[in-house]
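In what follows, a structure is listed as structure tokens, so that the remarks can point back to it.
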Amino acid sequence: VTYSPCFALLVTLDSPGLVPYPGGVQVDASVDGDSVFSFVGDNLAKGISDVPALTFHANDEFSRRRFDDDPDAVHADLLDAARLYFGESRVVDSVIKRWKYARPLLGHYGNCLPMEPIPGATLVFAGDAFGGAKIEGAALSGLAAAEAVLLAS
């Protein structure tokens, strides 16, 4: 299994930003003119924040190229690129997170990988590297792992 890293930028604003309804955008650089981000989420619009807050995921190319750079410089560059989504809002607070194993590029065939390392014991590997790169894939992988454990019992 191989992964692409990702920078996540979390921004709190003084008023709502410009992320369109329903509060999450998969960014396509060729259409949106954004060459830094792959996803932008409005946490207030999605109902997971009580204040205007945006989450940005840097795309694979940016994240690989800048992963080992000075975090303060990366933070400043990400904030600058994110301004496209702020409108007239001002930044109240922001932080970046470096996520080394963010998105599986080459996963494992199948929804999980059952193993039997010790007779009578079951070990099952599961996660987004098995069921697909999104949260749905990870959930389906977990369900497949649970079924594998039940069948082995």
Side-chain angles (χ1 to χ4, degrees), residues 1-115 117 123-146:
V1 176
T2 59
Y3 291 85
S4 178
C6 178
F7 282 100
L9 171 67
L10 312 169
V11 179
T12 305
L13 300 173
D14 65 352
S15 61
L18 299 178
V19 178
Y21 178 83
V25 177
Q26 297 292 332
V27 179
D28 180 345
S30 64
V31 174
D32 302 311
D34 178 344
S35 61
V36 174
F37 299 109
S38 61
F39 172 78
V40 181
D42 183 328
N43 300 319
L44 180 63
K46 294 188 323 183
I48 58 174
S49 176
D50 294 331
V51 298
L54 305 179
T55 299
F56 298 85
H57 291 173
N59 62 37
D60 291 354
E61 190 278 326
F62 179 93
S63 297
R64 274 194 301 271
R65 184 170 38 85
R66 301 290 306 273
F67 196 75
D68 293 319
D69 288 1
D70 175 60
D72 292 334
V74 173
H75 189 175
D77 291 344
L78 288 174
L79 264 178
D80 188 49
R83 294 191 190 289
L84 174 68
Y85 300 93
F86 295 169
E88 298 298 318
S89 301
R90 289 187 317 237
V91 174
V92 173
D93 195 14
S94 69
V95 63
I96 63 166
K97 300 292 182 182
R98 229 171 32 159
W99 188 6
K100 188 170 185 176
Y101 302 106
R103 190 175 69 82
L105 297 173
L106 178 62
H108 184 273
Y109 177 77
N111 283 342
C112 66
L113 178 60
M115 309 283 289
L123 172 66
V124 181
F125 293 94
D128 61 0
F130 297 88
K134 303 288 183 190
I135 188 71
E136 297 86 355
L140 292 172
S141 178
L143 291 171

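Along the sequence shown, residues carry numbers from 1. Just so it is clear, the structure is predicted and the values come from calculations on it, not from any experiment.
Between the OG atom of Ser35 and the CG atom of Asn59 there is a distance of 7.5 Å, given to the nearest 0.5 Å. Taking CG of Leu9 as the reference point, atom NZ of Lys97 lies at 11.5 Å (rounded to 0.5 Å). Rounded to the nearest 0.5 angstrom, Lys100 NZ and Ser63 OG are separated by 13.5 Å. With values rounded to the nearest 0.5 angstrom, Phe67 atom CZ is found 9.5 Å from Cys6 atom SG.
Under a 3.5 Å cut-off, the side chain of Ser89 and the backbone N or O of Asp14 do not form any donor-acceptor pair.
Contact record, Ala58 with Ser38: O-OG, 3.8 Å, taken as the closest heavy-atom pair. Among all heavy-atom pairs drawn from Ser141 and Gly127, the shortest one is OG-N, 2.8 Å. Of all non-hydrogen atoms in Phe39 and Lys46, the two that sit nearest each other are CZ-NZ, 4.2 Å. For the pair Ala102 and Asp128, the tightest heavy-atom approach, listed with the atom from each and the gap, is O-OD2, 4.0 Å. Minimum interatomic distance between Val25 and Val19 (heavy atoms only, all atoms of both residues): CG2-CG1, 3.9 Å. Contact between Ser94 and Leu79 at its shortest, heavy atoms only, is OG-CD1, 3.5 Å.
The local environment of CG in Asp70 is crowded, with over 12 non-hydrogen atoms from other residues, nucleotides or ligands closer than 6.0 Å.
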- Message: Please determine whether side chain to side chain contact (heavy atoms under 4.5 Å, CB included) holds for the pair Phe56 and Ile96, giving the CA-CA distance in whole Å, both sets of side-chain angles, and the decisive distance to 0.1 Å.
- Response: CA-CA 9 Å; Phe56 298 85; Ile96 63 166; over 6 Å; no
- Task: Test side chain to side chain contact (heavy atoms under 4.5 Å, CB included) on Thr55 and Val40 and set out the steps.
- Result: CA-CA 6 Å; Thr55 299; Val40 181; over 6 Å; no
- Message: Please determine whether side chain to side chain contact (heavy atoms under 4.5 Å, CB included) holds for the pair Leu84 and Phe37, giving the CA-CA distance in whole Å, both sets of side-chain angles, and the decisive distance to 0.1 Å.
- Response: CA-CA 11 Å; Leu84 174 68; Phe37 299 109; over 6 Å; no
- Message: Show, in sequence, the C-alpha distance, side-chain angles and deciding distance for Val124 and Phe130, and conclude whether the side chain to side chain contact (heavy atoms under 4.5 Å, CB included) test is met.
- Response: CA-CA 11 Å; Val124 181; Phe130 297 88; over 6 Å; no
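Residues passing the side-chain contact (heavy atoms from CB on, under 4.5 Å) test with Ser49 are Asn43, Val51, Ala53, sequence neighbours excluded. For Arg103, the salt bridge (Lys or Arg N to Asp or Glu O under 4.0 Å) test picks out Asp60, with sequence neighbours left out. With sequence neighbours excluded, the residues satisfying side-chain hydrogen bond (donor to acceptor under 3.5 Å, both in side chains) with Asp77 are Arg66.
In this structure the side chain of Arg98 reaches within 4.5 angstrom of the side chain of Asp68, judged on heavy atoms. A 4.5 Å side-chain heavy-atom check between Arg83 and Val91 finds at least one atom pair inside the cut-off. In this structure, Tyr85 and Leu13 have side chains that are not in contact, with every pair of non-hydrogen atoms separated by 4.5 Å or more.
A perpendicular orientation is assigned to the rings of Phe7 and Phe62, their planes being inclined by more than 60° (bins at 30° and 60°).
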